[in-house]
Every structure is written in structure tokens, then in C-alpha cells.
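What follows is one structure encoded as C-alpha cells, with my remarks underneath.
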Amino acid sequence: MTVGLFIPCYVDQFYPNAAIATLELLEKAGVNVVYPVRQTCCGQPMANSGFEHLTKDCNELFVQNFAQFDYIVSPSGSCVLHVKDHLHSDTHEDQAQAIRGKVYELVEFLTDVVKVEKLTARFPHKVGLHQSCHGQRGLGLAQMSELVAPAFSKPEKLLSMVQDLELIPLSRKDECCGFGGTFCVAEEAVSVKMGKDRVADHLQHEAEFITGADMSCLMHMEGILRRQKSKVKVMHIAEILNAQEG
Amino acid sequence: MNSREQILAAVSKNQPALTPMPEVPFFQLEATDLVEKFTQVAVSIGSGVFQVESYEEIQEILSNDFKIHHRIISHVPELAPFADTTPLEDRHRHQLENVDLAIVKGHFGVAENGASWVTEEVMGLRVVPFICQHLAIILPKDSIVPLMHDAYARIGSAEYGYGVFIAGPSKTADIEQSLVLGAHGPRTLTVFLMG
Amino acid sequence: MSVEGHTKDHAALADDFNQDEPRVNWHDETLWFIREKRDRAAFAIPDWEMLRETASQIKFHTLSNLSQYLEQFEANAQANGIIVHWAADAEEHNQIVHSILQKHGVTQMVKSKSMLTEECHLNDYLEQQGIEVIDSDLGERIVQLAKEPPSHIVLPCIHLKKEEIGDIFHQHLGTEAGMSDPQILTETARQHLRETFLTRKAALTGVNFAIAETGEFVVCTNEGNADMGAHLADIHIASMGIEKLIPRRSDLGVFLRLLTRSATGQPITTYSSHFKKPRPGHDVHVVLVDNGRSVQLGREDFRNSLKCIRCGACMNTCPVYRRSGGHSYQSAVAGPIGSILAPNLDMKKHADLPFASTLCGSCSNVCPVKIDIHNQLYKWRQVIVKEGYADPKKTLGMKAMNMVLSSPQTFKLSGKAGRWFMKTVPFLVSNKMNPWYKQREMPQPPKESFGEWYRRNRKSNE
Ligand code: SF4
């Protein structure tokens, strides 16, 4: 099985550790991973701003980069959802369609495809899990609080395999953090207020780390935490699942 | 083209291809004791509920709060002379604002939401259950249906000019979500389950 | 983005709203409390999701056969003695209402909650014609006295604090200064409005559901104000959008189970009133209003918005609505549903609304008729940009972004040149000085990007 690793542009530039942890986790699970170096972005920032029609070139590039793999895995629920819902190609629609069916977010790839049952990780800290909306409501990584349906959570399942990790509860377990792509700057006031409220929920429950499957949300909350001079850190779930502390 | 034709033409042009009417699944209430469920829900939405066997018992209970100087009206002949059962006519409707208590006979109750189905023939006048300060509804105890689906099955294609489900006293929470009973209609609702 | 017809857009008004943070917290918590009540009510019904699905399908079926159902409703309502009118737009609706009042020499009317009349600006129109309208729903009366539009379709004055309502009552209804007890304020409104109910010859109500099969219509209230108005007046006018139709009386079993549980967490409204025939000697008029609905019906991507039963659940759950307030939407219907309805009425004026969302999707999950609200928001964004209502600066920025992102070479260079993403994106979409940094720290650039690390550590794969 060969997996094409898709690393979103801002993760590549700002959070290489999340990408490295993703790569290492997949390798440890016995997967052959290739990172196509000519990749850029899934086009979501443009599409969510109403410019989906401009993402054609981006899409073609994505298809060129990833069509050859058995699976495409990315440590970002949001980008994966975008590819799943909106990747098309004028020249290779069959390939685009195939990609839409084989693109996975890291957590769901580990639980559903690799079917990971145990991890060797240790992370002796209190951790709050941020359920990013696109991963959760879009990809179904966990049951949504609005639906009258049985509870489950793929990220929690993985986190429970990490030794000495204490998952803290939240008052609002799946409220949006307000990142929202370009929303975070176009609607700055509401975005920041949402972020502050989300962070406050984690702080109230004494989280030392806020984690999640979407680095973009974490980047937004990190910006707020650091402005508040908080000691609490954000960390992508891949880094925790790959952590070897102590 | 007049507006009617214009709207209908636009709608038929723009409506999607006909999809079938779905089968409404058979929904069931989990609780099996309908009287108990009805009572529990009705009380939770601010109603008082009594199980009684006779009209005398109803009068007895009501006379704790309503005395001779209160204006009590009803369309239920058995309640005279406790209540004034003189038939009302439409022109009387503005003269009811000082009614303290109105007592009406409902057709049936709904367990899941504590509502009672009342139609205009049993009200006397449509405004009666709204304009009175306090309202009492008498339901046959064996008339409680589980869910709203059952309620409409029971109503069927019955003829009425006006009918209403009444669930609790008139209420509002418009001011900071603080619940206040007695918005425009009755300040209390008492349901008597008789039988 | 500046919006034609409004001096400020949603983002700017939301910014104003957020100047008072404790108040934002209060607004957020009040609405979240209602979301929690909705959750408790929904979770008490194990078949909740099946009920939603059924409601959604009934509504879709109705929309697919709407022209027939409208005619069927009209015929049955007329057979019941109801007078039916058709209004192509808001103006015609207002004229019809006015002409009914004029014919009967009525100069004062009492009105219960009707979002349609808000959409049509009926009150303003009638006032200009010299007709006094008193809103009888407590929340609506409060905003009417405050000379504001409602900020929420179910809870019109949810943005006001009780002290402010106390001041309004003190000024208009003569309550003691400083009195803010909801019990006393409600009692005052009750007394004041009883007088109104008893003296008005015409009452207007909204319509929650109209039944094609029987020609009756259903109005749901907790206060009983619709009934007080309608049963005491000589003339009852009921205004409804054409999408309020449902096929059969028994379908109410589905919708009445969902409506109030979704709206406030109550199992049903206090009153669900079924108006079938006028009282002998009196008139009931139904005004069927299109006002853009038939156009929306033709928009494949957006027609599902017409399933809406106006429960307000999408507003209560919306993290943006809770923190920006209903007035920031500048539309009779605010929040997520308003943001997919308003652009249909005036795309230019409401071009900001589909962007006032993070697309989190919570709205679609609480919606009792399963409208895919967040997907429609995404789709409206595409339409608005294509129709040319986006800020030209943003368009340029997006084109530049596309150039960078579709060329690996340029992308790598931009990255090296200093972490392209955060330097560029914030400026593309806002006119403010770096809107990311205002209240957030920038991410710290690491020594090397992942791409660079990969080249050093997994070179063999290239
Ligand atoms: S869109 Fe759905 S949730 Fe929102 S008001 Fe309408 S019915 Fe309720």
C-alpha cells in the first residue's frame, strides 16, 4: 500500500512537526509513504471565499500529484473534506473522482483503514480535544452533538491509546473555534471572540494542551493563547499520537 | 395575467420534478402508561392535573380557589349552577374579559406533550379559552393518545370551524428567557381526567 | 466588503456588537441555553432523526407539487368560506391588507407574530396610510416600542436586557422607573394589550402551516395572542408565504412534534390553533404571498431553503449569530437561514450574509427539516462572486493566490521568501490593518518547512 502524503500549505510552512509526526505515524503503521514535492494546496481558501471557479489549476495540479496513490492522507480534516466534496478535473475527471473516494484525514485513516489498535506513545498531560467542524461534521470523525445518535469519536479512540494522557471534558464539546478559513480575517471580531470562548472552555477545564485534527483551528487558538500569554500549548493530534515523552 | 395566474405559472415552471409523498413511519411512544405520561408532561409545562370521577369532584376541587363572587362560565350543563352555563352568542365576546374561570370539555389529550384537543362546539365561543383568567379542561381519562400522529389519526377528517391543541397556561419567555405564566391568555390551566 | 444599500456590512456591525464583550457573553449564553433545551427535547425522542427525515421529505414532495397544492388549498379554503388573495410581491401584499382594512373603514389593527409582514415592511406601509398597527406578541411589542426590528424570528427581543425593557415600559407604558421584573413587565403588557384586543376590529396573524387537503391553516403561539386578536375582531387576515403549504392534516403530526422542540425545547406550543371556517358573520382572509419564493423554487441549489418552518434552531446554535446579534444581518430573517434566503430577494444588498459563517454545519444538523444550510451558504458564495458582487480587491487577491498555488515553483519561492501564507492571506480579504494580528499572535516561522525537512531526511523518495 502506498500513501500519498498531502500536507496543507500552511502546515508545510508553519507546522512542519505536525507533518513529520504524520509521516512517522504512517511509517510506523507499516505504510509506504510518499510526499509529492510539487504539491501546493487543495484550493480551499479560494473556494470557501466564493472563488471555486479559480481553483481549476490548483485542482489539476492536485490530480497530477496524487492520482497514482492507493490512498491520499492528510493531517487536516478541512482540506480533506474540500477535496472530497469539490475536487474536479476537466482533463482527468475519472482520476479526480477516484481521488475523492480515496482521500483520508489522518485519524480516520488510522482507525478505519489501518485499523490501529495500539500505539506506543506516551504523553503525560491534560489534553483538551478540539473537534474541528469540517472533520467532525463533514467527515464524521465523531458523533455530532446535535444529532440523536449513538456517540463515538475516532480521535478520542486514538488518544485513549496514548499512555498517561488525561483527556479533559469540555462544556461545549463541539462548538466551532471561529477560524473558518478567510472568515478569520474577514470577520475578525466574531472569529476572535469565538476563538477566545473556545480557548476559555479548555482553560476552565485545566487543559495543558489543546489538540485536534486540524492545524488551522489550532493555529487560530494558538494565536489567541499566545496573545493572552498563556502557558497552554496547541499540538496537532499526530504529534501526541507519536509522542515519546518520558 | 393576474397575480394568481402569474404565481401559479412561475411555481409550476420552477418546481422540481414530482417526488413521491413519503410513507410516514409508524412512531411509537416509549412510555406505556398514557395517563402517567400525560400528567408528567402536563405538569412540567405548568398545568395542574387531577384524576376525578365526577363533576361534583371537579366542583369541589375548583371551589377551593373559585368562590361565589368569581365569574365562572362553562358550556358543560352538568356544571350548573356552579358555573354559568347560559349559551353565549358571538356578540357577547367582548363581555368576557372579567371571566375568572372557564371550564370546557376537551375531546382527548396527547401524552407526549400534555396537550388537549378542543374544538369550537365545546367552547361556547372561540375566545372563551383565551380570554378567561383561568381555564379548566375536562378530558375522559381513557381518551389520552400517545403521540401527535395518533392525535391526528383520531381527528381524522372531522369537521370543525376552529380547533386548538391547548398545552398549559398562556406563557412567554420573551424577557430574558424568564418564564412568565399568563401572557395574554389564562394564567393557569387545570386538566381534569375523568373516569 | 462594502455593501450596497447598507452603510455597514455584517462584519462591521458584528465588530460594533463585540465592543461590549460581557454583553456578547450574555447574548451567547442566553441562546446557547435554548440550544441546550432543544437538545434535551430532541434526545427525549429516540426516533428524532427519522422524524426530521420524514418532515424533510414531506416538504420536498410538497415543493415538487406546489402549484397543485396551492390550487387545492385555495379551493378548499374558499369552500370553507375563507377569502383567498394572491400577492406577487411585498408591495401587493401590503396593498391587499390595506384595501381590506379600507373597505371596512378600519384604522387600527392588532397583529400577532408574522415574519412575512416583517419581510414586507407592512407596519411602515400601513402607518404611512394612516393605520395604526399594534404588535401583540410580547417580544414584538417590545421591539415595536423600541422602534427596532426583531432580532430573532422566535425571540424578537432576545438582544435586549430586562433593564432596557424596563426603561422602554417606563417610557411608554408608565411602569415605575427602574422596574425590570419580567413578571411585572409581562403583567403590564397583558393589561395594556387586553384593551387593544377588545377594541380592534381587525386582526392579522401569521400562518405556520396551511393544509391543502382541508383548506385550514394553523397558527402556533405560546401567549395566545393570535387567538385573542382573531377571535375578538370582526376581520381576521392571515398572511402566509406560499411555502407554508403541507398536503394533509395528518402531516401536522410530524411538523408539530418538531417545531417547538426545535424552537424552544417545549414539547409543543401552548396553542396550536386550527382555523378552518370563519365565525358566522365574520370574514377570514388569507393572503398567499410569493415575493421571490417562486424564483427560489427554481434555483436548484437553494430551493430546499423553502422547507423552512421558522423554528429558529439554526440561529440558536449558530456560533456567529450568537456573537454578532440578529441586527448585524440587516434582514427580517437573520442567522443562517436568513443568510440563504436574503440573497434571493436582493443579492447585491445581502452579498455579505453568506460570508457571515464559518461553515461549521451545526445549523444543518439542528434543522428539523434538514435543510443543508451550510452547503447553501457555500454555494451562495460562489454565485455572489460570479455575479460580480465581491469586493474587486478580494477578486484580485484571489487571482494572485491562485497563481501562486497552481505553480509549485512560485509556491516554493514564496514560501522561502518568508512564509507566504500568513503574509498574504489576511490582506486579501479585509481592508483592515492586519486583521489576524489585531487580537492574535502570528504563528512563529520554524527553521525549515516540512518540504525542506523532507528533502533532507527522505531524499530517496524523490
Ligand atoms: S432553516 Fe431549519 S433550523 Fe433554521 S429556522 Fe428554518 S426550519 Fe428552523
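The basis for the numbers below is simple: all heavy atoms, side chains too, and nothing from hydrogens, waters or symmetry mates. Naming: A, B, ... by sequence-line order, numbering from 1 per chain. The shown structure was predicted, so the numbers you read here are calculated from the model rather than taken from an experiment.
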Practice item. Check each atom of C:Asp234 against the heavy atoms of chain B and say whether the ones under 4.5 Å are side chain, backbone, both or neither. Key: both
Revision key, fill the gap. With chain C, the option among B:Arg93, B:Met148, B:Glu23 that has the most non-hydrogen atom pairs under 4.5 Å is B:Arg93
Exercise for review: Could you look at C:Asn80 and say if it's the side chain, the backbone, both or neither that has a heavy atom under 4.5 Å from chain B?
Suggested key: neither
Practice item. Could you tell me which portion of C:Val84 (side chain, backbone, both or neither) has an atom closer than 4.5 angstrom to a non-hydrogen atom of chain B? Key: neither
Review point. Is the count of non-hydrogen atoms from other residues, nucleotides or ligands lying under 6.0 Å from C:Glu164 atom CD greater than 12?
Key: yes
Practice item. Give the intermediate values and the outcome of side-chain contact (heavy atoms from CB on, under 4.5 Å) for residues B:Gln15 and C:Leu63. Key: CA-CA 6 Å; B:Gln15 68 196 14; C:Leu63 291 175; over 6 Å; no
Check your understanding: Side chains of C:His152 and C:Asn316: is there a donor and an acceptor less than 3.5 Å apart?
Key -> yes
**Study point:** Working for side-chain contact (heavy atoms from CB on, under 4.5 Å), residues B:Val164 and B:Met123
**Key:** CA-CA 10 Å; B:Val164 58; B:Met123 294 174 187; 3.6 Å; yes
Practice item. Can you tell which part of C:Thr260 gets under 4.5 Å to a heavy atom of chain B, answering side chain, backbone, both or neither? Key: neither
Practice item. Under 4.5 Å heavy-atom distance to chain B, tell me which part of C:Ala55 shows up: side chain, backbone, both or neither. Key: neither
Exercise for review: Go through the atoms of C:Leu198 and report whether side chain, backbone, both or neither lie under 4.5 Å from a heavy atom of chain B.
Suggested key: both
Point to revise | Region of B:Leu147 in contact with chain C, defined by heavy-atom distances below 4.5 Å | key: side chain
Study note, to complete from the structure: Among C:Pro267, C:Ser180, C:Ser67, the residue with the most heavy-atom pairs under 4.5 Å to chain B is C:Ser67
Point to revise | Test item: side-chain donor near acceptor, B:Ser178 and B:Glu176, under 3.5 Å | key: no
**Study point:** Contact winner vs chain B - C:Gln266, C:Gln57, C:Arg194, heavy-atom pairs under 4.5 Å
**Key:** C:Arg194
Exercise for review: Find the one option among C:Thr62, C:Leu193, C:Val218, C:Leu160 whose heavy-atom pairs under 4.5 Å with chain B are most numerous.
Suggested key: C:Leu193
Exercise for review: Select one option (side chain, backbone, both, neither) describing which atoms of C:Glu300 are under 4.5 Å from chain B's heavy atoms.
Suggested key: neither
Exercise for review: Using non-hydrogen atoms and a 4.5 Å limit, figure out which bit of C:Leu256 sits close to chain B: side chain, backbone, both or neither.
Suggested key: side chain
Practice item. Using non-hydrogen atoms and a 4.5 Å limit, figure out which bit of C:Ala226 sits close to chain B: side chain, backbone, both or neither. Key: neither
Review point. Does any heavy atom of chain B fall under 4.5 Å from the side chain of C:His282, the backbone, both, or neither of them?
Key: side chain
Point to revise | Interface moiety of B:Pro169 toward chain C, non-hydrogen atoms closer than 4.5 Å | key: backbone
Review point. Is the C:Phe197-B:His94 ring centre distance short of 6.0 angstrom?
Key: no
Exercise for review: Go through the atoms of B:Pro20 and report whether side chain, backbone, both or neither lie under 4.5 Å from a heavy atom of chain C.
Suggested key: backbone
Check your understanding: Is it the side chain or the backbone of C:Arg279 that comes within 4.5 Å of chain B heavy atoms, both, or neither?
Key -> both
Check your understanding: Under 4.5 Å between any side-chain heavy atoms of B:Phe38 and B:Val110, yes or no?
Key -> no
Exercise for review: List the steps, then state whether side chain to side chain donor-acceptor pair (under 3.5 Å) holds for C:Arg257 with B:His149.
Suggested key: CA-CA 9 Å; C:Arg257 292 188 73 194; B:His149 313 286; 2.8 Å; yes
Study note, to complete from the structure: Bottom line for C:Glu216: the part with an atom under 4.5 Å from chain B's heavy atoms is side chain
Check your understanding: Which bit of B:Glu30 comes within less than 4.5 Å of chain C, counting heavy atoms only: side chain, backbone, both or neither?
Key -> side chain
Practice item. Applying side-chain contact (heavy atoms from CB on, under 4.5 Å), run through C:Phe60 and C:Arg303 and close with a yes or a no. Key: CA-CA 9 Å; C:Phe60 197 79; C:Arg303 60 166 61 111; 4.2 Å; yes
Point to revise | Ring centres under 6.0 angstrom apart (C:His236, C:Phe217) | key: yes
Practice item. Might you point out which heavy atoms bring C:Pro150 and C:Glu140 nearest each other, and give the distance in Å? Key: CG-OE2, 3.7 Å
Review point. Would you find a donor on one side and an acceptor on the other, under 3.5 Å apart, between the side chain of B:Ser74 and the backbone of B:Ile103?
Key: yes
**Study point:** Interchain contact, B:Tyr152 with chain C, by part (heavy-atom threshold 4.5 Å)
**Key:** side chain
Study note, to complete from the structure: If one checks every heavy atom of C:Thr54 against chain B at 4.5 Å, the contacting part turns out to be both
Review point. C:Leu232, C:Val154, C:Ile58, C:Asn225: which one forms the most heavy-atom pairs within less than 4.5 Å of chain B?
Key: C:Leu232
Study note, to complete from the structure: Whatever's closer than 4.5 Å to a heavy atom in chain C on B:Val24 counts as both
Study note, to complete from the structure: Counting heavy-atom pairs under 4.5 Å with chain C, the top scorer among B:Ala9, B:Gly182, B:Gly46 is B:Gly182
**Study point:** Nearest heavy atoms of B:Glu112 and C:Ile45, plus distance in Å
**Key:** OE1-CD1, 4.4 Å
Practice item. Would you kindly say whether C:Gln191 and C:Glu187 are connected by a side-chain donor-acceptor distance under 3.5 Å? Key: yes
Check your understanding: Is the shortest distance from a Lys or Arg side-chain nitrogen in B:Glu120 or B:Arg126 to a carboxylate oxygen in the other one below 4.0 Å?
Key -> yes
Study note, to complete from the structure: Of the listed B:Ala173, B:Gly185, B:Ala17, B:Ser47, the one with the largest count of heavy-atom pairs under 4.5 Å with chain C is B:Gly185
Point to revise | Contact class of B:Leu18 relative to chain C, heavy atoms under 4.5 angstrom | key: both
Revision key, fill the gap. Per-residue tally against chain B (heavy atom, under 4.5 Å) across C:Ser272, C:Gly281, C:Gly298 peaks at C:Ser272
Point to revise | Contacting region of C:Arg293 [heavy-atom separation from chain B under 4.5 Å] | key: neither
Check your understanding: Taking it one step at a time, do B:Thr172 and C:Glu223 satisfy side chain to side chain donor-acceptor pair (under 3.5 Å)?
Key -> CA-CA 6 Å; B:Thr172 179; C:Glu223 299 181 11; 3.2 Å; yes
Review point. Within 45 degrees of the axis of the six-membered ring of C:Phe255 and under 6.0 Å from its centre: does C:Lys59 put its NZ or CZ there?
Key: yes
Check your understanding: Which answer fits B:Ala151, side chain, backbone, both or neither, if we ask what part of it has an atom under 4.5 Å from a heavy atom of chain C?
Key -> neither
Revision key, fill the gap. Whatever's closer than 4.5 Å to a heavy atom in chain C on B:Glu97 counts as both
Review point. If you round to the nearest 0.5 Å, how far is CG of C:Asp301 from CZ of C:Arg299?
Key: 10.0 Å
Revision key, fill the gap. Greatest number of non-hydrogen atom pairs under 4.5 angstrom with chain B, of C:Ile242, C:Leu51, C:Ile142, falls to C:Leu51
